[in-house]
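These notes are about the structure you will find just below.
Each chain gets a letter, A, B and so on, in the order its sequence line appears, and its residues count up from 1.
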There are 2 protein chains.
Amino acid sequence: MILKAIVRDYTSSGVPVGSKALAAQLPLHVSSATVRNEMATLEDLGLIAKTHSSSGRIPSVKGYRYYVDHLVQPDPIKPNDIDIIKSSLDGQFLKIDEIIETSARILSNLTSYTAFTLKPELKESRLSGFRLVPLGKRQVMAVLVTDNGDVESQTFNIAPGITGDQLEAVVRLINDQLVGKPLKDVLQALETDIPMQVTQYLQKPEGFLKIFGDVLTQAAKERFYVGGRLNLLNFSDANDVDELKSLYTLMDRTDDMASVLGQPTDHVQVKIGSEITNDILKDYSLITATYEVGDHGKGVIALLGPTRMPYSRMIGLVGAFRQELAQRLIDYYRYFDQ
Amino acid sequence: MILKAIVRDYTSSGVPVGSKALAAQLPLHVSSATVRNEMATLEDLGLIAKTHSSSGRIPSVKGYRYYVDHLVQPDPIKPNDIDIIKSSLDGQFLKIDEIIETSARILSNLTSYTAFTLKPELKESRLSGFRLVPLGKRQVMAVLVTDNGDVESQTFNIAPGITGDQLEAVVRLINDQLVGKPLKDVLQALETDIPMQVTQYLQKPEGFLKIFGDVLTQAAKERFYVGGRLNLLNFSDANDVDELKSLYTLMDRTDDMASVLGQPTDHVQVKIGSEITNDILKDYSLITATYEVGDHGKGVIALLGPTRMPYSRMIGLVGAFRQELAQRLIDYYRYFDQ
DNA sequence: TTTTAGCACTCACGTTATCCAAGTGCTAAG
DNA sequence: CTTAGCACTTGGATAACGTGAGTGCTAAAA
């Protein structure tokens, strides 16, 4: 009960909490001396710590962990919040990416933290088609489609002397050889076999290979959205510019972030401080959750905030949001699939 | 001479400069008392100011202005810098946008400030083609091309019940009625005539209209790139989070930034502090320059830094860069145009 | 055995005092 | 017109001090 009160107090006030204030607030009426004794025990257990020898206590990572695992009860979501979520997700979306991106924004607005969303994915995607669409005299658009329904495109200019026939031959080559293969394999083929084969049709294949590689890596990337980047400025207690910089840099490295999020196993999962694999985030906490979209796979939402975040509220919020989002996406697919 | 020395000193040290240090440094050998007298005059003229009653002097906006207009001589660019520029621009680019984007990055790296680049433009662009490319069962890609060579595309899902014929009819409608018109006019037509006409072919035209509107506004936007956003953290002396936030927000508002940059008339132009139209930037300085790409129009590069930036170096750098970039683009066009 | 009152002790933090270096304006002499 | 001299101002760094919130420990009470 005391640990719970300490966590609640500290996360809401940010000030180390002392025995007296605690005693006054507890449902039990015991004196501050009693509380002090208990606190000493909690400290021995490593659940709380002092900032200096005569300060109040703050929860340690272990303390937060225990709180989250055994004590916290998620706040029921406020009607107001659920309204905001519902109405924000209510728009007319013509592609899932829009919904996912909007989700990151909603979640960050609601919490004043930074939110991440990953598009639902069935499995590792495979190449299902590649095309070159001529647009003008020299302009061509490369379009790549995966079996997950992701589309990636890039326009580029082609060097003079290359004919439409040549391009068609190359496109045929790609489609014949690579359709159906996982993108990873295709990327690898691009390093090995493909260049040689393309030389049959193009004298200088570099341009084409570059563009093909670009759309390919683009498509192979996780569909990853960030909302509320600027909120980092609020709660990054460090005025340390360098730390902020590396944080921002990290958030733009899709791969790193994807590995930080991992594939959460639980519905809602909390990683606290040093539990996060990435060192840069060792003073933050991360709430991750999956959302499942029927047979269209599952995605991830996540929330990054200070270690001393109000967990009960945030866990409740993320829990509610994952359900709303899943529902919204199921509706989306129901409409377009049929 | 004294003003010049004050600006040079202050921009490099950041500390208000006093009469004694100044006297020691000047090519003339006069005493500090003399310098003090002159400084009093400069202050009366409003060219320099004190931070407090017994402090050294710092240049005022007016002082910087005078310095930039009459005293500064741009540093010749360092061989090292020119190498960096040349080699960074030397890559294999298949589209101008890549070059422009890279430029922003180079410029920001070189200066540790924040850089902006605008793609060269001939004039206001006009719609030169619109297409819908079917990709899968329900997926369609909308592609819009302007006469400036800009391509904008979006994929989206179409509601069941819409046939290929219907879409083709709509595409024909768009192309018949709107090709050749300035994008602005097209955007306006989208508010007025078009919706009604589209209803002839689609019962629920909202989806299509949304996507068409999206690619259209996207294409109508200035092609605008920012490099070194994070550098703002270095020199924003304000630890004021809110100010930083509004700065970042501003930089993402393409329209606002475009209006801040204006269409510079001179080759290299300097706007200091409150001279910048936007209030948020009143404590910063902006160096803008145009670069001309033969008959492919002209673009803008810009550098945002603190008011106390080393102008001579920055002006020299931007001047050199605009030429390198122009040359690089001319080469680019020469290769792909022929 | 558990709880409590009492008390000496610790430490961060805000306030105040003090000193110092760097600078200024002004006056009178060169 | 320039300069030496001097009294005066100011921000910033450092130390001294008091205060309040908190602690641990001991001994008495429950």
Under the criterion side chain to side chain donor-acceptor pair (under 3.5 Å), I'd like the reasoning laid out for D75(B) against S312(B): C-alpha separation, chi angles, the key distance, then a yes or no. CA-CA 5 Å; D75(B) 283 7; S312(B) 59; 3.3 Å; yes
Could you go through the side chain to side chain donor-acceptor pair (under 3.5 Å) check for Y311(A) and S285(A) one step at a time? CA-CA 10 Å; Y311(A) 290 95; S285(A) 277; 2.8 Å; yes
Decide yes or no on side-chain contact (heavy atoms from CB on, under 4.5 Å) for L233(B) and L244(B), but give the supporting numbers first. CA-CA 8 Å; L233(B) 294 174; L244(B) 266 179; 3.7 Å; yes
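Not counting sequence neighbours, the partners of E43(B) by the side-chain contact (heavy atoms from CB on, under 4.5 Å) test are I48(B), K50(B), R57(B). For V15(A), the side-chain contact (heavy atoms from CB on, under 4.5 Å) partners two or more places apart in sequence, or in a different chain, are S13(A). For D252(A), the side-chain hydrogen bond (donor to acceptor under 3.5 Å, both in side chains) partners at least two apart in sequence or on another chain are R229(A). Evaluation of the side-chain hydrogen bond (donor to acceptor under 3.5 Å, both in side chains) rule for Q269(B) yields no partner, not counting sequence neighbours. Contacts of S54(A) classified as side-chain hydrogen bond (donor to acceptor under 3.5 Å, both in side chains), with partners at least two apart in sequence or in another chain: none. Partners of R8(A) under the side-chain hydrogen bond (donor to acceptor under 3.5 Å, both in side chains) rule, at least two apart in sequence or in another chain, do not exist in this structure. Residues meeting the salt bridge (charged side-chain N to carboxylate O under 4.0 Å, His left out) test with R105(B), sequence neighbours left out: none.
Ring geometry for F235(B) against Y284(B) counts as perpendicular: the plane angle is over 60°, on a 0 to 90° scale with 30° as the lower cut.
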List, one per line, each side-chain donor-acceptor pair under 3.5 Å for residues 313-322 of chain A, sequence neighbours excluded.
unit_1: R313(A); atom_1: NH1; unit_2: D81(A); atom_2: OD2; d: 3.2
unit_1: R313(A); atom_1: NH2; unit_2: L110(A); atom_2: O; d: 3.0
unit_1: R322(A); atom_1: NE; unit_2: T290(A); atom_2: O; d: 2.6
unit_1: R322(A); atom_1: NH2; unit_2: H267(A); atom_2: ND1; d: 3.2
unit_1: R322(A); atom_1: NH2; unit_2: T290(A); atom_2: O; d: 3.4

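Across the protein-nucleic acid pair, L42(B) atom CG and dG25(C) atom P stand 12 Å apart, rounded to whole Å. For the pair I2(B) CD1 and dT2(D) P, the computed distance is 10 Å after rounding to whole Å. dG25(C) atom C1' lies 12 Å from atom CG of D44(B), rounded to whole Å. As a whole-Å value, the separation of R36(A) CZ from dA27(D) C1' is 14 Å.
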Between N or O atoms, less than 3.5 Å apart, protein on one side and nucleotides 27-30 of chain C on the other: list the pairs.
none

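Less than 4.0 Å separates DNA chain C from at least one heavy atom of each of the following residues of residues 46-58 of chain A: H52(A), S53(A), S54(A). Within residues 9-16 of chain B, no residue has any heavy atom closer than 4.0 Å to DNA chain C. For the contact set between residues 19-35 of chain A and DNA chain C, defined by any heavy atom under 4.0 Å, the members are V30(A), S31(A), A33(A), T34(A).
Shown here is H52(B), whose NE2 atom has more than 12 heavy atoms of other residues, nucleotides or ligands within 6.0 Å.
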